[in-house]
Number of protein chains: 2
Amino acid sequence: MASISVNDVAAAAGVSVGTVSNVLNRPEKVSPGTVARVQAAIADLGFVRNDAARQLRDGRSRSLGLIVLDVANPFFTDVARGAEDRAAEEGLAVLLGNTDDSLAREAAYLDLFEEQRVHGVLISPLGDVGDRLTRLRARGTPTVLVDRQTEDRSFSSVAVDDVAGGRLATHHLVSIGKTRIAFVGGPISIRQVVDRLEGAREAVAKHPSVSLEIIETDALSVLAGRAAGELVLERAPGDRPDAIFAANDLLAIGVLQALNMRGELHVPRDIALIGYDDIAFAAAAVVPLSSIRQPSVLIGYTAVDLLLREAEVGDTFEHEQIVFQPELVVRESTGA
Amino acid sequence: MASISVNDVAAAAGVSVGTVSNVLNRPEKVSPGTVARVQAAIADLGFVRNDAARQLRDGRSRSLGLIVLDVANPFFTDVARGAEDRAAEEGLAVLLGNTDDSLAREAAYLDLFEEQRVHGVLISPLGDVGDRLTRLRARGTPTVLVDRQTEDRSFSSVAVDDVAGGRLATHHLVSIGKTRIAFVGGPISIRQVVDRLEGAREAVAKHPSVSLEIIETDALSVLAGRAAGELVLERAPGDRPDAIFAANDLLAIGVLQALNMRGELHVPRDIALIGYDDIAFAAAAVVPLSSIRQPSVLIGYTAVDLLLREAEVGDTFEHEQIVFQPELVVRESTGA
DNA sequence: TAGCCGAAATGAAACGTTTCATTCAGGCAT
DNA sequence: ATGCCTGAATGAAACGTTTCATTTCGGCTA
């Protein structure tokens, strides 16, 4: 079955291809009778516009790319949903790329999006992609960083103040009387992890009697959390921290699973636990999880919005930096 | 900044466009010296292939579309991950479309994928999309149904035996001595819900002393589960079911949250609870959740595999139906 | 030396759309 | 009857790639 083109439609309707295109894109410019005839032909032949040809003609696609660290993390699917909502308002589709903490995959998705001439790129960057993004922008593809700011304001960004979030979480642990705090998170190459840890350090610095140790993980997943939890469980009781701040909720849930395994430890009495992101499952955990809430859907929505604004303005030196403030949510895992 | 094309590269390297294309696609056909020269020119000019033009030339894109009911459900992100793995092996990208139980969005994604001339479509269908899919196939785009079978074998599919799963779950509840079982799920327009309920009916039919009631929800989400749980909680104690089978884990988690709210009910003593999907969070729930496990990642992987096979064979009357068997996972929510 | 061969390179055509300068037809005013 | 105007329709050009039939050229054989 050969593919049906505007030519075939034009022939069937007895008009020119230009007219068919007009019916498709600006029907108000075509007389009603002709519109009807063309539409009938389209239906008859089962014509479907070829998007590749359209894209080729006007230089860019009608989609935008979103690159996230982990689709399995509900935080990012929430961000994606927000992005999709705003994009849909403009008739744009969102292509979702998942890097899974791999620099190679991050690069591969950037290549793909660049070849596709996407309308714009939203990225929660892993490696140092400044050069790539600069190149994209030079080609006319705007870029917005998600969940990460640049120090030099060379890109627009939508982020949450992770240092403040880390401070909030840790201060809370201190305020309920905990003194031996462990930060569980990693790899430390990820900015979010670094910032949250930095916040924890700042909070602890004010209290000489409180110690902070770091248990590094190789991912921000439930599995990695379980491993970290088991590590803690193996220690002599006196050696264990009395509070754990996990760099995200997936880790926290993993830690919780491990701590509960033998049934000899009580959360929060023996060890208090707080996570980060406040995903929907945090409230439903074995011990409902205290967490730091981020406006995830709003982040995605705002990022696309910013992207569209940036696209209109063109290349500019004034890139906008939007920073949301995180919020402490106290539940049983650090409660009474 | 005008876009750089193969023409510019050819000019810079002092060769013809045909040669540039050969360097890009089959470098072994070009002499080493020329390859080097062309690659240097590509790097110099920052040339990036225009995918739209490429697609236009060879009629189809290098991506395939995956349409799921709910990206927020970890079951589907697992499926997506499996699909992505297999697709990546072939150098294909996966476009993820989320219908959120909306017929309009399902249709919109089908339109989009059809216009994009995707390599193939994987869909967990919501409405009756038989005609659309038939049309796609007529155009040469293979289709595989995910998590749903057709009665008439007119499409290939990868599914799990949901009736068996429903039977498994319900039989388990009966076997631990429960007699007043409630099925929580909906909308009943969704095939998975219908099948799981059917399984439950079959299991109950064998035991005259066991009753089965249906509490219909308007979605398969945590929120909908909470609403259903609250409904149960409002009833007089004697009126409540002594076991709940939720159509998926998100619902089950919601139900659990609601039942635990007042603290007067004990799961599983007063009410036993079992979910479906065995998502990662099930094991970490307030009361670790019994569930029916499906090989989610494998489903995605297999579906793409089947799609590729179908693409090779071309239109055929022998469509393959792959059915996995679900597995009961017992945890505390129905345990001792 | 003439003829031939294969490897390497060439360049025009084709993919399907949109745009835009041009043409056309009919109605109206002069 | 002529000229002008407007709304509608036209059709060629352009977008950037890949393919493939053709040309070129250096080396080898007879």
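Numbers restart at 1 for each chain; the letters A, B, ... are given by sequence-line order, proteins then strands.
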Closest listed nucleotide, where the reference is the side chain of [X] and the choices are [options]:
X	options	value
A/Val30	D/dG16, D/dG11, D/dA9	D/dA9
A/Leu24	C/dT18, C/dT10, D/dT17	C/dT18
B/Thr34	D/dT18, C/dA9, C/dT18	C/dA9

Measuring to OP1 and OP2 of [N], would you say a side-chain N or O of [X] lies under 4.0 angstrom away?
X	N	answer
B/Ser3	D/dG16	yes
A/Ser31	D/dA9	yes
B/Ser21	D/dT19	no
A/Arg49	C/dT18	yes
A/Arg26	C/dT19	yes
A/Asn22	D/dA8	no
A/Ser5	C/dG16	no
A/Thr19	D/dA8	no

Rounded to the Å, how far apart are [X] [atom1] and [N] [atom2]?
X	N	atom1	atom2	result
B/Ile4	D/dG16	CD1	C1'	13 Å
A/Asp51	C/dC15	CG	P	19 Å
A/Arg60	C/dT18	CZ	P	17 Å
B/Asp58	D/dC20	CG	P	12 Å
A/Arg117	D/dG16	CZ	P	8 Å
A/Asn7	C/dT18	CG	P	12 Å
B/Asn50	C/dG16	CG	P	16 Å

**OP:** Report yes or no: does A/Arg86 contribute a side-chain atom to a donor-acceptor pair with the main-chain N or O of A/Ala303 at less than 3.5 Å?
**Re:**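 Absent.
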Can you find an N or O donor on one side and an acceptor on the other, under 3.5 Å apart, linking the side chain of A/Arg54 with the base of C/dT17?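 Donor-acceptor pair under 3.5 Å: no.
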Specify the residue among A/Pro32 and A/Gly18 whose closest nucleotide of DNA chain D lies further upstream toward the 5′ end.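 Comparing both residues, the 5'-ward one is A/Pro32.
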- Message: side-chain contact (heavy atoms from CB on, under 4.5 Å), that's the test. Do B/Glu106 and B/Arg132 meet it? Break it down for me.
- Response: CA-CA 11 Å; B/Glu106 178 172 67; B/Arg132 294 296 306 271; over 6 Å; no
Quick one: does NZ or CZ of A/Arg148 land under 6.0 Å from the six-membered ring centre of A/Phe155, within 45 degrees of the ring axis?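 No, A/Arg148 does not sit over the ring of A/Phe155.
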Non-hydrogen side-chain atoms of B/Leu136 and B/Phe113 separated by less than 4.5 Å |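 No - every pair of side-chain heavy atoms lies 4.5 Å or more apart.
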